[in-house]
Protein chains: 2
Amino acid sequence: MPTSGLMPRVTLREVADHAGVHPATVSRALNPETQAMVNSETLARVLASARELKYQTNTIARSLRTQRSLTVGVLIPDIMNPLFPSIVRGIEDTLDKADYTSLIAYTDGRADRVTARLDRLRQRGVDGLIVATAQLRDPTLEALLEEGVAVVQVNRRSTSRLIPSVTADAAGGMLAAIRHLAELGHERIAYAGAPLRVSTGRARIDAFRRGMRAVGLELASERIEQTESVSVGEGARVGRELLERDPQLTAIVTANDLIALGCYDAVREAGRDCPADVSVIGFNDMPFTDRFDPPLTSVHFDQYEMGATAAAMLLRRLAGEESGAPRVELETTLVVRASTAPPPRA
Amino acid sequence: MPTSGLMPRVTLREVADHAGVHPATVSRALNPETQAMVNSETLARVLASARELKYQTNTIARSLRTQRSLTVGVLIPDIMNPLFPSIVRGIEDTLDKADYTSLIAYTDGRADRVTARLDRLRQRGVDGLIVATAQLRDPTLEALLEEGVAVVQVNRRSTSRLIPSVTADAAGGMLAAIRHLAELGHERIAYAGAPLRVSTGRARIDAFRRGMRAVGLELASERIEQTESVSVGEGARVGRELLERDPQLTAIVTANDLIALGCYDAVREAGRDCPADVSVIGFNDMPFTDRFDPPLTSVHFDQYEMGATAAAMLLRRLAGEESGAPRVELETTLVVRASTAPPPRA
DNA sequence: CTGAAAGCGCTTACAG
DNA sequence: CTGAAAGCGCTTACAG
């Protein structure tokens, strides 16, 4: 037996024949928007036939006719990055409720792949886009906007104020992190950041600087460094560098949990202990941080909600209910675990 | 400006006009399968026009006509379960190369949701299915088979030998785990398993029993227990029960890393230490197990490859190149970390 | 080798 | 309120 595809087997035509009406009438009866224009007896008959024959609309045919695919493209760096599964799940659950389906595309953090991915999504005729891959300056996104495509940014955002976004409040989380360290008695606090070409990297270092000033601590440039990419390996490299430049530092605040994990390695390699000698703080509070050795103190935000919010914003846009470009910032909180402790006594 | 959707803006018709040929000719020229039947000069002209106008095929229109969507449904319990991101990525990368796109649907481990998810996939006209949600007895899957739909099972499989599958070799991994413990000197080895209605649960307990016999160790029924669902909480519950029933046990082999994590909790609650008092072994080797406290000894297999293999099998099937029902078992290896050690001296 | 026609399964202006 | 027609953008037998 040849394979056949999983598809609706009964057409509108067949329901129409069964109910003794014209296909157009069936179409009207089945669509909530137009249902009102069909006589209630006819309606009942059509509905009965549809149910009896187990009619299901062929989305492809409908899409071709309506020029709407009920499909949304989702651009993310990589689903294997533990930040994204919850965001994606939040997006998909929300889209699902509105009968939309998402088409996921991965860029692996390479800006040059975005265009290729977008081309594929274009061929599929997505109605809108949720992008977690925004660069700070992102001409591709601006071109999309130009084209009139509905797009919402999630997690990161570009500088264009015309594109809606849902991001985590860096300022709040960072300030809480620094306050926490200050209260423990830390003064020589270092910062291991994410690349500055991306809004999260930019926002978090700015927040770190502002936070340090707010608490009245010294901002030494030798205690600030950025990774080239967000990974454990890069975190370790930067961690080593910071520890070498200032062996007296007692805490490292990072822009990401993976970077924090790398700092764990750097601290250990230096023959020092976290948290006894050096405290480390992460950002994102990814799954299982509480299981790490030591359990990681990290800035938390609700990733599922981030995805859900972005999807809801896009849906509103697609429904024509929203034309502004809201910039939602999700609340961040510091989750204190065991990677932070008072500095060693001098 | 109203939103417009990201879709191809130039049609076959426009390319035809530009090249001075009939749309059918453009279609033939652009499709590798039929390209041979067009004159090389015409071909060149059409290709030039297509490139110049940046033509992209409208997949929706093509799908309606060909009755193939170039789309595959992927049924998984939950992308937030750390086992799945790599599998999904393996699937999507492989499908992508063949110009297929995947539509992901979540069941949250609830069999009753499968039908609803399948209905939605049906409306979208998926060409085939990759399911990570197989029950041991799975009438839904058999019905799909009956219908002639191409389906491949991944990670789990049903008892039907008619459906292809890609799973992890439980026997090999389990034997390696038990040998490792036996070599360390363990004798009272307990087992914390996964639900038996699912093939992974079934296969792993069978493998555990066979492994224990192979090594000549006693299989005490009070040292064997299954979770109701695969989660840290259930792992803790079963772990507690095992420790209570046999306080002398010195090792717990589990069917899953999350269960193993729960056993960590149970061991700790009992005032004992892993690995000094009780060794614990996981299964799946999910991401970041090496960062746990203690780093988890676990049975490893290549999850990305599992997904990639399943997708490749489905593609072959869809291409009509394969009509059997291969059951691929991926190699498993034991990754020894710090959650296993010799048993305490009596 | 190329064109003209039909049709995939819908929806929606347009008549009546 | 319902029907008949057109058409979304393709592909593919069928002629020539």
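All of these numbers come straight from a predicted model, not from anything done at the bench. Sequence lines set the chain letters: A, B, ... in the order given, protein chains first and strands last, and positions in each chain run from 1. Atom set for the values below is all heavy atoms of this structure, side chains included, hydrogens, waters and symmetry mates excluded.
- Atom CG of L30(B) and atom P of dC10(D) are 10 Å apart (whole Å).
- Regarding L64(B), its CG atom lies at a distance of 11 Å from the P atom of dT11(D), rounded to whole Å.
- Note on Y55(A): a side-chain N or O is less than 4.0 Å away from OP1 or OP2 of dC10(C).
- Comparing dA5(C), dA4(D), dG9(C) by their closest approach to the side chain of N58(A) singles out dG9(C).
- Dashed line: the shortest gap from a side-chain N or O of T25(B) to OP1 or OP2 of dG3(C) is under 4.0 Å.
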Criterion side chain to side chain contact (heavy atoms under 4.5 Å, CB included) on L6(B) and R122(A), from CA distance to verdict
CA-CA 5 Å; L6(B) 186 67; R122(A) 182 192 299 278; 3.7 Å; yes

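- The side chain of L12(A) approaches dC10(C) more closely than any other nucleotide in the set dC10(C), dA4(C), dG9(D).
- Protein atom CE of M7(A) is 14 Å distant from nucleotide atom C1' of dC10(C), rounded to whole Å.
- E33(B) places its CD atom 16 Å from the C1' atom of dA13(D), with the value rounded to the nearest Å.
- Of the candidates dT12(C), dC10(D), dT2(D), the closest approach to any side-chain atom of R65(B) belongs to dC10(D).
- Judged by distance alone, with hydrogens and angles left aside, R28(B) brings a side-chain donor or acceptor within reach of the base of dG3(C), the pair sitting under 3.5 Å.
- Looking at R117(A) and D108(A), no side-chain N of the basic residue comes within less than 4.0 Å of a carboxylate O on the acidic one, giving no salt bridge.
- At whole-Å resolution of the value, CZ in R122(B) and C1' in dG9(C) are 16 Å apart.
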Working for side-chain hydrogen bond (donor to acceptor under 3.5 Å, both in side chains), residues T101(A) and R124(B)
CA-CA 9 Å; T101(A) 293; R124(B) 300 261 170 192; 3.2 Å; yes

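- At least one side-chain nitrogen or oxygen of R62(A) sits closer than 4.0 Å to the OP1 or OP2 atom of dT11(C).
- Salt bridge R120(B)/D99(A): present, at least one basic N to carboxylate O contact under 4.0 Å.
- Put simply, NE2 on H22(B) is 13 Å from P on dT2(C), counting in whole angstrom units.
- Side chain to side chain, D96(B) and Y106(A) fail the donor-acceptor criterion of an N or O pair below 3.5 Å.
- A sub-4.0 Å separation between OP1 or OP2 of dG7(D) and a side-chain N or O of Q67(A) is absent.
- Protein atom CD of Q35(B) is 15 Å distant from nucleotide atom C1' of dT11(D), rounded to whole Å.
- Of the listed nucleotides (dG3(C), dC10(C), dC10(D)), dC10(D) has the atom at the smallest distance from the side chain of A61(B).
- Close to dT2(D), at under 4.0 Å from its OP1 or OP2, lies a side-chain N or O of T42(A).
- What separates CZ of R13(A) from C1' of dT11(C) is a distance of 16 Å, to the nearest Å.
- Base pairing of dG16(C) is made with dC1(D), judged by Watson-Crick or G-U wobble geometry with both donor-acceptor distances under 3.5 Å.
- Close to dT11(C), at under 4.0 Å from its OP1 or OP2, lies no side-chain N or O of T66(A).
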